[in-house]
Amino acid sequence: MIHQNKVVELGHIIAGKRIYEGDVIPVFNKYTNEHIANVYSATEEIVKEAIANSVETFRSIKLSAKNRYDILMKAASIIDDLKNELALSITREVGKSLKDSYVEIDRAIETLTIAAEEAKRIFGEGIPMPSRTSSEKKIAYTVRVPVGVIAAITPFNLPFTLAIHKIAPAIAAGNVVVLKPAELAPITVMRLVEILEEAGLPKGFINVVNGYGHQAGEFLLHDERINMYTFTGSVGVGKHIKNSVGIRKVTLELGSNAPNIVHKDAQNLKEIAQLCATRGLATINGQACISVQRLYVHKEIFEEFKQYLIEAARGLVVGDPEDPATDIGPLISERQAERVEAWVKEAADDGAEILLGGIREGAFWHPTILANLKPKMKVMCEEVFGPVINLIEYSDVDEVIKEANDTKFGLQVGLFTSDLNLVMRASMELEYGGVIINDVSTYRSDWQPYGGIKDSGLGKEGPIYAIREMTDEKAIIINYQ
């Protein structure tokens, strides 16, 4: 359980047993800096023990589709009952607004529900087998089988939902999971494991190793008993994982610097500006890989839109994330706020104009809008991961599509227009895993395939599509007389 004003001890979990061994990593309330938890860093021996138990569990215990459905649906029901407790826990350990945390809990419930339903719909397909000779008689079909042991490495920004995005489809598909939560925000994820146990998940189906990525995470990468890795985080770590695990399966959800295009025929500019401000600056305090970062606005509407955007951003409330009125809380650490500050200062020194914000107070970074930007500035070509929007004027569709694509990233892009021909063209020419029309790049439905191209990752999330990644397709050929 999560207790207010009490330091929670978070160990590792192997076969249901809590193990409190290893170096201690303190976890702090990101707003008050209160010490709220101690998490233990797994040694190589603990990681090996967790993997060994996972292998044994996968080999010895098989849950039916009905069992998996019941467990995931029961977990969704428990989470719904605990919504207030869980949202408050996320806000304290991440620093994002309470209203944002409630959205995360609602998404978690939906993700579990979708995964539960899909547990009953894992099937292969019939294969046409034309006979090569008059005497040949063969029937063929495929089945989908679980890959086995999946290592799930989760981030701090959506700790609860993104853990569920990995765990729920893995369980639905019949796999077992070795989970390594983010050391900066492990509290609510550990509560999730308790909830799944309460929902009836047998011991060993989720084993947890806590600790730093470069230690506990590294131990996971070099154990060949793990069949698949699913990771959300930085491009650098994603590349390291891919280079380390060879031909084993990986799903990598990595970074971005999402472009959003507002064409001259877009309707309801004030509403679009409000949406861009909210989703670029307030959602997870701008710490989302699909946050509105590069905002391209046609020159015919640029000045009008700029005023609407500044007005919307000024209306965002910065402060205590537990206050229901707050929109933006502190970043995950003061070090990250200092990095954002350095990038903005570097851009300003190179000629960028700060239209709003540019102010740091400890771990808080106030909502910031920049203009007069150059493509090679870090705030333009890298992932800011903070409440910063870059406002860019454009005049030509060819130009803006080229600029939007001129990046190593390719996760999601937003386009606002009333022109159906532009919609169809942009859908084909924009080099992104998701093209969102008349909504911002930050839109994500848990029913959709979610994943990028280029340096934004490999594979797809969203329970329906993650289950495909987390199963192997096996061909069955029957020769009959």
Side-chain angles (χ1 to χ4, degrees), residues 90 94-96 100 103-104 107-108 111 152-166 181-182 184-185 213 229-242 250-260 275-276 278-295 328 331-333 336-337 339-340 343 365 378-390 404-405 407-414 430-436 439-446 448-462 465-466:
I90 292 170
V94 175
K96 65 183 184 178
D100 209 355
V103 172
E104 179 170 353
R107 278 193 58 201
T111 301
I153 304 172
T154 60
F156 71 80
N157 57 337
L158 287 153
F160 198 73
T161 290
L162 294 185
I164 288 176
H165 262 285
K166 301 179 187 308
L184 291 170
Y229 296 83
T230 174
F231 167 78
T232 298
S234 71
V235 174
V237 175
K239 287 183 176 180
H240 175 65
I241 291 172
K242 185 70 173 65
V250 293
T251 295
L252 304 174
E253 299 300 335
L254 309 177
S256 188
N257 58 359
N260 287 260
L275 187 61
C276 289
T278 302
R279 297 290 184 253
L281 304 170
T283 299
I284 323 177
N285 305 329
Q287 298 168 119
C289 49
I290 46 178
S291 286
V292 178
Q293 182 170 329
R294 294 182 291 150
L295 182 52
I328 301 175
L331 299 191
I332 194 66
S333 69
Q336 287 302 313
R339 177 192 56 78
V340 174
W343 286 17
W365 180 258
K378 283 180 184 175
V379 292
M380 284 285 286
C381 64
E382 299 293 339
E383 182 177 32
V384 174
F385 224 60
V388 176
I389 290 177
N390 302 304
N405 288 339
T407 175
K408 62 187 177 183
F409 298 114
L411 190 44
Q412 291 199 159
V413 55
L430 287 167
E431 299 167 356
Y432 290 83
V435 179
I436 316 299
D439 206 337
V440 287
S441 58
T442 322
Y443 176 81
R444 179 178 177 181
S445 165
D446 300 312
Q448 76 178 73
Y450 176 78
I453 60 174
K454 298 190 277 190
D455 276 4
S456 287
L458 292 170
K460 298 295 182 183
E461 286 196 344
Y465 302 89

> Any side-chain heavy-atom pair from His165 and Thr154 closer than 4.5 angstrom?
Replying inline: no
> Within a strict 4.5 Å, meaning less than it, do heavy atoms of the Asn157 and Val94 side chains meet?
Replying inline: no
> Where is the tightest heavy-atom contact between Thr442 and Val292, given as atom of each residue plus distance?
Replying inline: OG1-N, 3.7 Å
>> Restricting to non-hydrogen atoms, name the atom on Phe385 and the atom on Phe156 that form the minimum distance, rounded to 0.1 Å.
In response: CE2-CZ, 3.6 Å
>> As an exercise, state the distance from NZ of Lys408 to SG of Cys381, rounded to the nearest 0.5 Å.
In response: 7.0 Å
> Where do Val440 and Asn260 come nearest, in terms of heavy atoms and distance?
Replying inline: CA-OD1, 3.3 Å
> Side chains of Glu104 and Pro159: closer than 4.5 Å at any heavy-atom pair?
Replying inline: yes
> Between the main-chain N or O of Ile284 and the side-chain N or O of Gln287, is there a donor-acceptor pair closer than 3.5 Å?
Replying inline: yes
>> Between the side chains of Glu461 and Arg444, is the shortest nitrogen-to-carboxylate-oxygen separation below 4.0 Å, so that they form an ion pair?
In response: yes
> Run the side-chain contact (heavy atoms from CB on, under 4.5 Å) check on Lys454 and Thr407 step by step: do they pass?
Replying inline: CA-CA 9 Å; Lys454 298 190 277 190; Thr407 175; 4.2 Å; yes
> Donor-acceptor pair, Gln412 side chain versus Ser441 backbone, under 3.5 Å?
Replying inline: yes
> Under 3.5 Å, side chain of Arg294 to main-chain N/O of Asn257, donor-acceptor pair present?
Replying inline: yes
>> Could you check whether atom NZ of Lys242 has more than 12 heavy atoms from other residues, nucleotides or ligands sitting under 6.0 Å from it?
In response: no
> Which atoms form the tightest heavy-atom contact between Gly452 and Ser456, and what is the distance?
Replying inline: CA-CB, 4.0 Å
>> What's the separation between atom CZ in Phe160 and atom CZ in Arg107, rounded to the nearest 0.5 Å?
In response: 12.5 Å
> Do Lys96 and Ile90 come within less than 4.5 Å of each other through their side chains, counting heavy atoms only?
Replying inline: yes
> Looking at side-chain heavy atoms only, is the closest gap between Tyr450 and Leu411 below 4.5 Å?
Replying inline: yes
> Which distance, rounded to the nearest 0.5 Å, do you find between the CH2 of Trp365 and the CG of Leu331?
Replying inline: 9.5 Å
> Does a side-chain heavy-atom distance below 4.5 Å link Tyr432 with Ile290?
Replying inline: no
> Once you round to the nearest 0.5 Å, how far does CG of Leu162 lie from CD1 of Ile153?
Replying inline: 13.5 Å
> Got a second to check how far Thr251's OG1 is from Lys460's NZ, nearest 0.5 Å?
Replying inline: 10.5 Å
>> Would the distance check show the side chain of Asn405 and the main-chain N or O of Glu431 forming a donor-acceptor pair, the cut-off being under 3.5 Å?
In response: yes
> With side chains defined as the heavy atoms from C-beta onward, is the minimum distance between Gln293 and Asn390 less than 4.5 Å?
Replying inline: yes
Going by atom type alone, with no hydrogens or angles, which donor-acceptor pairs under 3.5 Å involve a side-chain atom of residues 230-240 and a protein atom two or more places apart or on another chain?
residue: Thr230; atom: OG1; partner: Lys166; partner atom: NZ; Å: 3.1
residue: Thr232; atom: OG1; partner: Lys166; partner atom: NZ; Å: 2.9
residue: Ser234; atom: OG; partner: Val237; partner atom: N; Å: 3.3
residue: Lys239; atom: NZ; partner: Asp455; partner atom: OD2; Å: 3.4
residue: His240; atom: NE2; partner: Glu218; partner atom: OE1; Å: 2.9
residue: His240; atom: NE2; partner: Glu218; partner atom: OE2; Å: 3.1

>> As an exercise, state the distance from CG of Leu158 to CD1 of Ile164, rounded to the nearest 0.5 Å.
In response: 11.0 Å
> Which heavy-atom pair separates Ser291 from Gly286 by the least distance, and what is that distance?
Replying inline: OG-O, 3.4 Å
